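Report on the following structure.
All values reported here derive from a predicted model rather than from experimental measurement.
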Amino acid sequence: MNKFYQDSFYNQKMKKDYFEDVILDKTLLNDVLKFHQSTTFYGYNYYTANENDELLLTWMKSTEYTDVLPNFVIEEVTFDEIPLKRKASMRDFDKEYCMAKSKFGHLLNEAFGRDDTSFSKRYPSAGALYPVFPIIYIFSPDAAEGLSMGCYVFDSHKIRLLKIKDFSSKDTASIRSAISNDDFPSYLAIGYAIDLKRAVTKYRRRGYRHALIEVGLMAQSFREACRDVDDELGELCWSGFSDHQLAHASGLNPRLSPIGLLQWFGRKHDKHDI
């Protein structure tokens, strides 16, 4: 057990919450919360521009899988070409797969665990604050060994899952509606929730940017962990969801702990990747 846990967990939390409330600029927090709310949507129609628009389709075809490059350059330096093999995101998951408890724990620890001595994680976080916390979703009792349906928070200090909500049929129906899908792509998923108060207490508005960067870093860390633990595992990032509906169904405060990204994961089905 590291030095963080030499005091009781609850004493530490009370200290953190007290000083956070004293230091935090409430007006600034409300400004950040309002801005974040402007990025949320209700229903798929608010998610993208009209994808049937011919001009948009033309732009998409000419833009997808390209780089942002300058129009004018003063010098060009070329390198020897090295062929690369990149594993793409996965859309076809094996829903009959049940992940062993040991593998599940190994995967989460690889992605989000801390170094034994420095307590750093696999990805950087401004000021070592780690305001983004992973919510683990289990949508089937047979998806992972020893885990019932519901959502959990991963405790990186004690390498454990803390269940925060059981899922009823009403909850799963609400989440299916929130992701604008008839069914879950996989019965396993991670939601990256942001503690906005923690994010802006020290770094103010810049802390919100740090949190969004951290969401991307965590998703990439988990992507790499999947490949390190088992090459048959894959994942799919998903931002198409109704923000408040998903957060509420996950037992979170939609205003103070919004979910920035979903990431489905599991074993590939029939080896069919995109």
- Message: Between H210 and E214, does the side-chain contact (heavy atoms from CB on, under 4.5 Å) criterion hold? Intermediate values first, please.
- Response: CA-CA 6 Å; H210 293 164; E214 190 165 312; over 6 Å; no

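- Under the 4.5 Å side-chain criterion, counting only non-hydrogen atoms from C-beta, L252 is in contact with I164.
- A perpendicular orientation is assigned to the rings of Y123 and Y130, their planes being inclined by more than 60° (bins at 30° and 60°).
- In this structure, H36 and T39 have side chains that are in contact, with non-hydrogen atoms separated by less than 4.5 Å.
- Under the 4.5 Å side-chain heavy-atom criterion for Ile, Leu, Val, Met, Phe, Trp and Tyr, L217 and I194 are members of the same hydrophobic cluster.
- Crowding of K26 atom NZ: a count of heavy atoms from other residues, nucleotides or ligands under 6.0 Å exceeding 12.
- At least one donor-acceptor pair closer than 3.5 Å links the side chain of T201 to the backbone N or O of K197.
- The backbone N or O of P141 sits nowhere less than 3.5 Å from a side-chain atom of S148 that would complete a donor-acceptor pair.
- Without hydrogens or angle criteria, D67 side chain to L69 main chain gives no donor-acceptor distance under 3.5 Å.
- Neither V200 nor L129 shares a network with the other; the hydrophobic side chains, linked directly or stepwise wherever heavy atoms of I, L, V, M, F, W or Y lie under 4.5 Å apart, form separate groups for each.
- When atom types are taken as modelled, the side chain of Q245 and the backbone of S174 share a donor-acceptor pair closer than 3.5 angstrom.
- Side-chain polar atoms of Q263 and Y192 form a donor-acceptor pair below 3.5 angstrom.
- Taking both residues in full, the closest heavy atoms of S89 and R223 are given as OG-NH1, 3.4 Å, listed atom of the first, atom of the second, then distance.
- A perpendicular orientation is assigned to the rings of F222 and F265, their planes being inclined by more than 60° (bins at 30° and 60°).
- Counting heavy atoms of neighbouring residues, nucleotides and ligands inside a 6.0 Å radius, atom CZ of R227 exceeds 12 of them.
- Contact check for L57 versus W59: no side-chain heavy atoms found under the 4.5 Å cut-off.
- The number of heavy atoms from other shown groups lying within 6.0 Å of CD1 (I74) does not exceed 12.
- Annotation: salt bridge (Lys or Arg N to Asp or Glu O under 4.0 Å) contacts involving residues 119-141, sequence neighbours excluded, comprise E110-R122, R122-E224, R122-D228.
- Around the NZ atom of K163, the shell of radius 6.0 Å holds more than 12 heavy atoms that belong to other residues, nucleotides or ligands.
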- Take E96 and H269 through the test side-chain hydrogen bond (donor to acceptor under 3.5 Å, both in side chains) and record every step on the way to the result. CA-CA 9 Å; E96 295 183 0; H269 182 259; over 6 Å; no

- Worked verdict on S186 versus Y97 for side-chain contact (heavy atoms from CB on, under 4.5 Å): CA-CA 10 Å; S186 171; Y97 173 65; over 6 Å; no

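- Using a 4.0 Å cut-off between charged nitrogen and carboxylate oxygen, E232 and R267 do not count as a salt-bridge pair.
- Proximity of a side-chain donor or acceptor of E145 to a complementary backbone N or O of K101 within less than 3.5 Å is detected.
- By the rule that hydrophobic residues join a cluster once side-chain heavy atoms approach within less than 4.5 Å of another member, Y208 and Y203 end up as members of separate clusters.
- Screening V153, L108, D155, I138 against L161 for a side chain to side chain contact (heavy atoms under 4.5 Å, CB included) leaves a single residue, L108.
- Residues L196 and L256 form no side-chain contact, since every pair of their non-hydrogen atoms from C-beta on lies 4.5 Å or further apart.
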- Message: Quick one, M99 with L233, criterion side-chain contact (heavy atoms from CB on, under 4.5 Å). Give me CA distance, side-chain angles, the key distance, then yes/no.
- Response: CA-CA 10 Å; M99 187 176 294; L233 296 177; 3.8 Å; yes

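- For the 3.5 Å distance criterion, the side chains of D171 and S168 qualify, holding a donor opposite an acceptor.
- Counted by atom type alone, Y137 and S250 present one or more donor-acceptor pairs between their side chains at under 3.5 Å.
- Listed for the K87 side chain is no donor-acceptor partner under 3.5 Å among the backbone atoms of G234.
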- Message: Working note: D142 + Y187, criterion side-chain contact (heavy atoms from CB on, under 4.5 Å); need CA distance, chi angles, decisive distance, verdict.
- Response: CA-CA 9 Å; D142 300 317; Y187 292 142; over 6 Å; no

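- Counting heavy atoms from C-beta outward, I175 and L246 have side chains that approach closer than 4.5 Å.
- Between W264 and F139, the ring planes are tilted. Angles from 30° to 60° get that label.
- Proximity of a side-chain donor or acceptor of T63 to a complementary backbone N or O of M60 within less than 3.5 Å is not detected.
- Contact check for S242 versus S180: no side-chain heavy atoms found under the 4.5 Å cut-off.
- For the pair L55/T58, no side-chain contact is recorded, criterion being any heavy-atom separation below 4.5 Å from C-beta on.
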